[in-house]
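Quick notes on the structure that follows.
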Amino acid sequence: MKPLHLASVLLLTGLLGLAGCTAHRPVPLYQLDNGNAALPTQEQGIAVLLGPISVADYLQREAFLQRQLDGSLLAAEDARWAGSLAADIDQLLLRQLASNLDSQRTVLAPTSATFKADVQVLLNIIRLDSGPALPAVLEAQWRLLDRNGQLRDSRLLRLEEAHSGTLADQAQAQSRLLRQLARQLAEAIEPLRNQPVAEAPKPAPAPARPARPPQPGPKIPMVGPTPSTGDVLRF
């Protein structure tokens with residue numbers, strides 16, 4: 001084989017090998033960090049129904065989105081979320097809220113009809129993202145319903161968290177924002193811990209039946225004296 005031809009073959013083989021290594025390079029997967037949330041100890045603590053939780057459409061994917069300076073979003077080529085980000089948000093908030101309230105009776109919606117919640121949290125995650133040159137931002141709205149279904153609190157909030165710019169630190173910053181949200185939710189729920197129990201409405205008494213007037217008895221014909229003819233009978 002000619003030296004020039006051999007060199008060409010070796011170069012082509014090297015390029016193909018390099019391309020193969022690049023194509024099969026593992027992509028890092030990231031998860032939200034739950035921190036050091038302690039397990040709740042109160043089995044009979046406040047009963048909280050967390051959800052439904054609505055998450056913005058653009059967050060319901062595995063792509064690790066990067067917010068650009070012009071406001072656009074680009075998917076990171078060398079990272080993605082490990083599974084569903086929306087499901088990860090649900091689990092982090094559930095664990096954090098249960099820990100902050102110290103209640104084992106904190107559950108995600110939907111749940112069985114037998115679960116009687118003292119408080120229901122309706123939550124909407126409007127935004128959760130970050131970028132290489134932009135802080136992590138969380139925008140959300142919550143509504144709290146008491147055990148009678150009455151609205152007791154409603155809040156719209158925006159939180160920001162700085163980071164170093166790396167993807168790993170961006171994931172940590174977004175996790176810290178969600179933990180802040182859970183702490184604020186717990187503070188808003190606390191005043192509802194000892195809400196009075198509504199008494200079951202008593203059934204209205206049946207209306208009294210009017211007394212029936214006495215009914216007249218059957219009419220008996222009066223027997224009058226037999227009229228006398230004036231004749232005296234003698235025997």
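All values below were derived from every heavy atom in this structure, side-chain atoms included, with hydrogens, water molecules and symmetry-related copies excluded. We're numbering straight along the sequence, starting at 1. Bear in mind that the values here come from a model prediction, so they are computed numbers and not experimental data.
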Backbone N or O of Val48 within a donor-acceptor pair of the Thr106 side chain at under 3.5 Å?
no
Using the side-chain contact (heavy atoms from CB on, under 4.5 Å) criterion, which residues pair with Gln172? Sequence neighbours excluded.
Asp33, Asp169, Arg176
Contacts of type side-chain contact (heavy atoms from CB on, under 4.5 Å), residue Ala162, not counting sequence neighbours
none
What pairs meet the side chain to side chain donor-acceptor pair (under 3.5 Å) rule with one or both residues in residues 72-92, with sequence neighbours excluded?
Asp70-Ser72
Would you say the side-chain atoms of Gln120 pair up with the backbone N or O of Gly51, donor to acceptor, closer than 3.5 Å?
yes
Return the CD1 to CG distance between Ile125 and Leu123, rounded to the nearest 0.5 Å.
4.0 Å
Kindly say whether Gly131 contributes a backbone atom to a donor-acceptor pair with the side chain of His163 at under 3.5 angstrom?
yes
Other than Ile126, what residues sit in its cluster of Ile, Leu, Val, Met, Phe, Trp and Tyr side chains whose heavy atoms are under 4.5 Å apart, directly or through others?
Leu156
What residues, two or more places apart in sequence or in another chain, satisfy side-chain contact (heavy atoms from CB on, under 4.5 Å) together with Arg67?
Tyr58, Leu73, Arg127, Asp129, Leu134
Passes side chain to side chain contact (heavy atoms under 4.5 Å, CB included), Val137 versus Arg158? Steps please.
CA-CA 7 Å; Val137 175; Arg158 174 189 170 94; 3.6 Å; yes
Here the gap from Ser103 atom OG to Asp118 atom CG, rounded to the nearest 0.5 Å, amounts to 8.5 Å
Linking I/L/V/M/F/W/Y whenever their side-chain heavy atoms sit closer than 4.5 Å, directly or via other members, would Leu178 and Leu157 fall into one cluster?
yes
For Ala37, all residues meeting side-chain contact (heavy atoms from CB on, under 4.5 Å), sequence neighbours excluded
Asn34, Arg95, Gln96, Ser99
If you define the side chain from C-beta out and look only at heavy atoms, does anything of Gln68 sit under 4.5 Å from Leu74?
yes
Apart from Leu151 itself, members of its ILVMFWY cluster (side-chain separation under 4.5 Å) are Leu122, Leu145
Going by heavy atoms in the side chains, are Leu159 and Gln184 under 4.5 Å from each other?
yes
The test is side chain to side chain contact (heavy atoms under 4.5 Å, CB included); show your working for Glu161 and Gln180 and say whether it passes.
CA-CA 10 Å; Glu161 184 76 13; Gln180 289 182 46; 3.2 Å; yes
If we only count heavy atoms from C-beta on, is the Leu167 to Gln66 side-chain gap below 4.5 Å?
yes
If you define the side chain from C-beta out and look only at heavy atoms, does anything of Leu97 sit under 4.5 Å from Leu50?
yes
Please list every donor-acceptor pair under 3.5 Å in which a side-chain atom of residues 185-192 meets a protein atom from a residue at least two apart or in another chain.
unit_1	atom_1	unit_2	atom_2	d
Glu190	OE1	Arg193	NE	3.1
Glu190	OE2	Arg193	NH2	2.9

Other cluster members, Val107 - Ile/Leu/Val/Met/Phe/Trp/Tyr, side-chain contacts below 4.5 Å:
Leu49, Phe115
Under the rule for salt bridge (charged side-chain N to carboxylate O under 4.0 Å, His left out), what residues qualify as partners of Arg61, not counting sequence neighbours?
none
For the residue pair Asn124 and Val55, establish whether any side-chain heavy-atom pair is separated by less than 4.5 Å.
no
Among pairs that include at least one residue of residues 25-57, which meet ring pair (Phe, Tyr, Trp, His ring centres under 6.0 Å), considering only residues two or more places apart or in two chains?
Tyr30-Phe64
How long is the gap from CG on Leu39 to CD on Gln104, to the nearest 0.5 Å?
7.0 Å
Can you list every pair that meets side chain to side chain donor-acceptor pair (under 3.5 Å) and has a residue in residues 40-49, with sequence neighbours left out?
Thr41-Asp102
Do the non-hydrogen side-chain atoms of Gln141 and Ser154 ever get within less than 4.5 Å of each other?
yes
